[in-house]
> 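Structure incoming, see below.
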Amino acid sequence: IFFVISGYLITSIILNDLKTNSFVLTSFYKRRARRILPALYVVTLAVLILSICFFLPIFLISSAKSALSVPIFLSNFYFWLERGYFGTPYEFKPLLHTWSLAVEEQFYIFFPILLIVLFKFRKVFLIGFILFIFFISLIGSYYVTQLHTDTAFFLPFTRIWEILIGVFCAFTLNSNRSDLNKTIINQSYFNADILSLLGLAMIMFCVLYFDSTMLYPHIYALLPTIGCMIFILFSNKSRVIKYIFEVKPLIWLGLISYSLYLFHFPIFAFAKYLNIFDENKIKFSLLALIISIISYFFIER
């Protein structure tokens, strides 16, 4: 879900700039750095300090090594080598969650360059090339998951297809001539309500029923990603979705979501390591929320 939304948002920004001939690659990287790095550096430093305070030497060394991989967006490779989610318990890896940010940023190092080059030529080449990469990545995800789950889970090649679903959404909604775009725009409010709720239901089903015992990403990742795609394409015209997502607490949750993503995992991991999490889940959830609000105002902004 994170990959699809990211692919949609970032590609939409790039496409809008390319259409107006205002896209500058260095400015794009600078904006990404200003958006991503400050809060990431703070959480990494906090994890190092807490690791020194609480971890045994063997876990402290592992935490320090992972902290070196985070700022250069290689943590997915580091945790892949350490067996990831399915090996050592996550309470010994408080920066484990940064693997997904690493995959995203690895993609955005090269993708804008591809867009610039192919956008200047015929766009059909661009769409064709992206489709080719999409299907190769999806097929690779299917087969590699069966051979080695961690490899398929952490490496960018087997996850790029999920980001590309978001890229397709951006191309569809940013194209004035697309037949699919016209079809989406001409949807009735009722149809938009039904379709966007269907997408949301697909996402929620996965949130509630997917677990670590199943092969993943495999083809199972199609369910939440396609659900997210349907939601993105049709929610803008949905009155029901507009009513739900204009609730101020949800808007605020969206605003602090990056900080919440960064801080919740280390907080939960250290609490699990100290065996104080299970009886205090609500307290630690509130702590993560409070720290994320502080991070949003004093670091992100």
Side-chain angles (χ1 to χ4, degrees), residues 1-3 36-71 73-104 149-150 153-154 203-204 206-214 216 224 249-250 252-301:
I1 297 166
F2 167 74
F3 287 149
I36 298 297
L37 294 180
L40 181 65
Y41 285 168
V42 169
V43 76
T44 304
L45 179 62
V47 164
L48 282 173
I49 293 170
L50 291 172
S51 296
I52 292 169
C53 293
F54 297 115
F55 276 170
L56 294 171
I58 185 172
F59 301 129
L60 174 58
I61 291 170
S62 176
S63 185
K65 287 180 178 179
S66 68
L68 289 174
S69 70
V70 170
F73 302 114
L74 291 176
S75 60
N76 58 320
F77 287 99
Y78 176 79
F79 291 118
W80 168 59
L81 293 172
E82 278 212 339
R83 298 292 299 165
Y85 280 108
F86 315 107
T88 308
Y90 78 80
E91 53 264 33
F92 302 133
K93 300 178 180 182
L95 290 171
L96 175 57
H97 63 314
T98 61
W99 74 269
S100 57
L101 187 62
V103 170
E104 180 202 39
T149 304
D150 280 347
F153 193 93
F154 282 102
I203 292 170
M204 292 311 300
C206 301
V207 170
L208 294 173
Y209 293 105
F210 280 18
D211 59 38
S212 60
T213 63
M214 64 192 296
Y216 200 85
L250 285 182
W252 272 103
L253 197 61
L255 289 173
I256 67 168
S257 61
Y258 177 58
S259 286
L260 191 58
Y261 153 76
L262 286 178
F263 283 97
H264 86 281
F265 196 90
I267 290 171
F268 292 178
F270 280 110
K272 289 280 286 186
Y273 178 79
L274 297 170
N275 290 317
I276 56 175
F277 179 75
D278 290 337
E279 65 271 22
N280 296 291
K281 289 180 180 178
I282 295 177
K283 291 179 181 178
F284 283 112
S285 297
L286 289 173
L287 177 62
L289 195 65
I290 292 168
I291 291 177
S292 299
I293 292 171
I294 295 171
S295 171
Y296 171 72
F297 282 105
F298 294 99
I299 302 172
E300 286 192 63
R301 292 189 61 177

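Just so it is clear, the values below take in all heavy atoms, side chains as well, and ignore hydrogens, waters and symmetry mates. Just so it is clear, the model here is predicted, and its values are computed rather than measured.
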> Of the non-hydrogen atoms in Ile267 and Ala288, which two are nearest, and what is the gap between them?
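Minimum heavy-atom separation between Ile267 and Ala288: CD1-CA, 3.6 Å.
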
> Let me confirm one number: the NZ-OG distance from Lys65 to Ser63, rounded to the nearest 0.5 Å.
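Here the interatomic distance stands at 12.0 Å.
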
> Could you tell me which non-hydrogen atom of Ala67 sits nearest to which non-hydrogen atom of Leu48, and how far apart they are?
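Here Ala67 and Leu48 meet closest at CB-CD2, 3.7 Å.
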
> With sequence neighbours excluded, tell me which residues meet side chain to side chain donor-acceptor pair (under 3.5 Å) with Tyr261.
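Expected list: Ser100.
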
> Looking at Val70 and Ser75, what are the two nearest heavy atoms and their distance?
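Residues Val70 and Ser75, closest heavy atoms: CG2-CB, 4.1 Å.
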
> Flag the pair Phe268 / Phe284 as yes when their ring centroid distance falls below 6.0 Å, and as no otherwise.
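Not under 6.0 Å, so no.
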
> Does any non-hydrogen side-chain atom of Leu74 lie less than 4.5 Å from one of Leu68?
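Counting from C-beta outward, Leu68 and Leu74 never come under 4.5 Å.
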
> More than 12 heavy atoms of other residues, nucleotides or ligands under 6.0 Å from CZ of Phe210: yes or no?
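Atom CZ in Phe210 is crowded, with more than 12 foreign heavy atoms closer than 6.0 Å.
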
> Quick one, Tyr78 and Thr98 - any side-chain contact, counting heavy atoms below 4.5 Å?
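Sidechains of Thr98 and Tyr78: no contact.
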
> Other residues, nucleotides and ligands only: do more than 12 of their heavy atoms fall within 6.0 Å of CG on Leu274?
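Counting neighbours around CG of Leu274, more than 12 heavy atoms of other residues, nucleotides or ligands fall under 6.0 Å, so yes.
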
> To the closest 0.5 Å, what do you measure between CG (Leu37) and CZ (Phe73)?
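Taking CG in Leu37 and CZ in Phe73, the distance rounds to 4.5 Å.
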
> Considering all heavy atoms of both residues, which atom of Phe265 and which atom of Lys93 are nearest to each other, and what is their separation?
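Between these two residues, the closest heavy atoms are CE2-O, 3.4 Å.
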
> Please check: side-chain N/O of Thr44 versus main-chain N/O of Leu40, any donor-acceptor pairing under 3.5 Å?
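Side chain of Thr44 to backbone of Leu40: a pair is present.
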
> Run the numbers on Trp99 and Phe153 for side-chain contact (heavy atoms from CB on, under 4.5 Å), then give the verdict.
CA-CA 10 Å; Trp99 74 269; Phe153 193 93; 3.3 Å; yes

> Please name the pair of heavy atoms, one in Leu260 and one in Leu253, separated by the smallest distance, quoted to 0.1 Å.
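So the two residues come closest at CD2-CD1, 3.9 Å.
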
> Taking C-beta and beyond as the side chain, do Ser295 and Phe263 meet within less than 4.5 Å on heavy atoms?
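Of all side-chain heavy-atom pairs linking Phe263 with Ser295, at least one is under 4.5 Å.
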
> Verify, without hydrogens or angle tests, whether His97 (side chain) and Leu262 (backbone) share a donor-acceptor contact under 3.5 angstrom.
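Such a contact is found between His97 side chain and Leu262 backbone.
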
> If you take the centroid of each ring, where Trp contributes its six-membered ring, are Phe270 and Phe55 closer together than 6.0 Å?
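For Phe55 and Phe270, the ring centres are under 6.0 Å apart.
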
> Who passes side chain to side chain donor-acceptor pair (under 3.5 Å) against Ser66, sequence neighbours left out?
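Per chain and number, Ser66 pairs via side chain to side chain donor-acceptor pair (under 3.5 Å) with no residue.
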
> For Asp278, which residues count as a salt bridge (charged side-chain N to carboxylate O under 4.0 Å, His left out) partner, sequence neighbours excluded?
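Partners of Asp278 under the salt bridge (charged side-chain N to carboxylate O under 4.0 Å, His left out) test: Lys272.
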
> Can you tell me how far apart CZ (Phe77) and CD (Glu82) are? Round to the nearest 0.5 Å.
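Phe77 atom CZ to Glu82 atom CD measures 15.0 Å (nearest 0.5 Å).
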
> Measure from the side-chain N and O atoms of Tyr41 to the backbone N and O of Pro71, and report whether any donor-acceptor pair falls under 3.5 Å.
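Side chain of Tyr41 to backbone of Pro71, a donor-acceptor pair under 3.5 Å: no, none is there.
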
> Taking all non-hydrogen atoms of both residues, which atom of Phe3 and which atom of Glu104 are closest, and how far apart?
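Closest approach of Phe3 to Glu104: CE2-N, 4.3 Å.
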
> Other residues, nucleotides and ligands only: do more than 12 of their heavy atoms fall within 6.0 Å of CG on Leu208?
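More than 12 heavy atoms, drawn from other residues, nucleotides or ligands, come within 6.0 Å of this atom.
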
> Nearest 0.5 Å please: distance from the OH atom of Tyr273 over to the CG atom of Asn275.
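So the OH of Tyr273 and the CG of Asn275 are separated by 9.5 Å.
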
> Please report the interatomic distance CG(Leu287) to OG(Ser292), rounded to the nearest 0.5 Å.
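Here the interatomic distance stands at 9.0 Å.
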
> Between the main-chain N or O of Gly254 and the side-chain N or O of Ser257, is there a donor-acceptor pair closer than 3.5 Å?
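Indeed, once roles are kept as given, a pair shorter than 3.5 Å links the two residues.
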
> Heavy atoms, side chains only, cut-off 4.5 Å: are Pro266 and Val43 in contact?
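The answer is yes; the side chains approach within 4.5 Å.
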
> With rounding to the nearest 0.5 angstrom, report the CD1 to OG distance, Ile290 to Ser285.
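Reported value, rounded in 0.5 Å steps: 11.0 Å.
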
